[in-house]
Amino acid sequence: MIRVQVPATAANLGPGFDCLGLALELYNTVEFGRIPRGLVIEIEGEGAEGLPRDESNLVYKAARKVFERSGRVPEGLRIKLVNGIPVGRGLGSSASAVIGGIIAANIMCGAGLSPREILALACSLEGHPDNIAPALLGGLIIYTAVEGEISWTKVDLPPGLKAVVAVPDFILSTRDARENLPHMVTLRDAVFNISRAALLVAAIQKGDLSVLGTAMDDKLHQPYRAGLIPGFKKVISAARLAGARGVALSGSGPSLIALADSNFNLIAKVMKETFRESGVKARCMILAPSPVGARALEVL
Ligand code: HSE
């Protein structure tokens, strides 16, 4: 039996649209075992009622690519998924499924894919490297790819930094959340984001959280997505007043992520309450960054 654990991720963090992502200590686990024939998929936890249990399951589809590439497709496969990551909420559940499937299959069939190959394959299947890269590598990752050539680096995180994540009880697909984004932006907005993304990374690396309020602001995607999330601006203001250093959409939403170094429970309470006042039921999680990415827990 092979068991792989993959962290949740919060992409973008405001200005780092499509290039910045943070792994969080909230995990999905993927178990693979051989059976004589066929495919059996069991799912527990988040999304258990709605996720497919056949060949259209994303974990299986990702694994299948690895089996086919290695020429070693197992006769029978049992997959067990224990999901801690809410589905369709901007916390990287698809990235975790793809990474989990690839790594488990890589071990099972001895395909010998390197981390770089896993990253490239996962990005080609899932399409959001700002989720894929931190899910695989852990920590806060800056990622870019130019004509297929991937570059990334990991940013040091200050001790005591935690995320308060408010998770609304509705799903927002990334595809829908990208639909209203502009194809062109002004130079002014581009400069707005470049300056903040640079400020955010440098401030986190130095442990200077005082500038995160400015540094987590964005003009490339959040203004176009705000209307899809009732209470968006109010929840951000309330979290800031309660002590959050900076607040942004997590990935394409609808979850909001507040970065803080104190007052975690208060921030969680006001985010939940402010969402409620806007007619949205939300739950809040206080999560430390996950310094490690996906890893095999057991190979028996
Ligand atoms: N960067 C992507 C987006 C993340 O904002 O659309 C998808 O989770």
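We count ligands from 1, going down the list as the structure has it; atoms in each ligand are counted the same way. The analysis underlying the following values was restricted to heavy atoms, covering all of them including side chains, and did not include hydrogens, waters or symmetry mates.
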Look at Asp218 together with Arg225 and state whether they make a salt bridge at an N to O cut-off of under 4.0 Å. no
Whether Glu42 and Arg53 form a salt bridge (side-chain N of Lys/Arg under 4.0 Å from carboxylate O of Asp/Glu) is what I want to check. no
Do Lys80 and Glu44 meet the salt-bridge criterion of a basic N to acidic O distance under 4.0 Å? yes
Matching residue for Ser96 among Val59, Asn83, Val6 - test: side-chain contact (heavy atoms from CB on, under 4.5 Å): Val6
Applying a strict under-4.5 Å side-chain criterion to I, L, V, M, F, W and Y, I'd like to know whether Val155 and Met216 cluster together. yes
Pairs under 3.5 Å, N/O atoms on ligand 1 and on the protein: can you put them in a table with the distances?
residue: ligand 1; atom: 1 (N); partner: Asn12; partner atom: OD1; Å: 3.0
residue: ligand 1; atom: 1 (N); partner: Asp18; partner atom: OD1; Å: 2.5
residue: ligand 1; atom: 1 (N); partner: Asp130; partner atom: OD2; Å: 2.6
residue: ligand 1; atom: 5 (O); partner: Asn12; partner atom: ND2; Å: 2.8
residue: ligand 1; atom: 5 (O); partner: Arg225; partner atom: NH1; Å: 2.8
residue: ligand 1; atom: 5 (O); partner: Arg225; partner atom: NH2; Å: 3.4
residue: ligand 1; atom: 6 (O); partner: Arg178; partner atom: NH1; Å: 2.6
residue: ligand 1; atom: 6 (O); partner: Arg225; partner atom: NH2; Å: 2.8
residue: ligand 1; atom: 8 (O); partner: Asn131; partner atom: OD1; Å: 2.8

For Val87 and Ser93, which heavy atoms make the closest approach, and how far apart are they? CA-OG, 3.6 Å
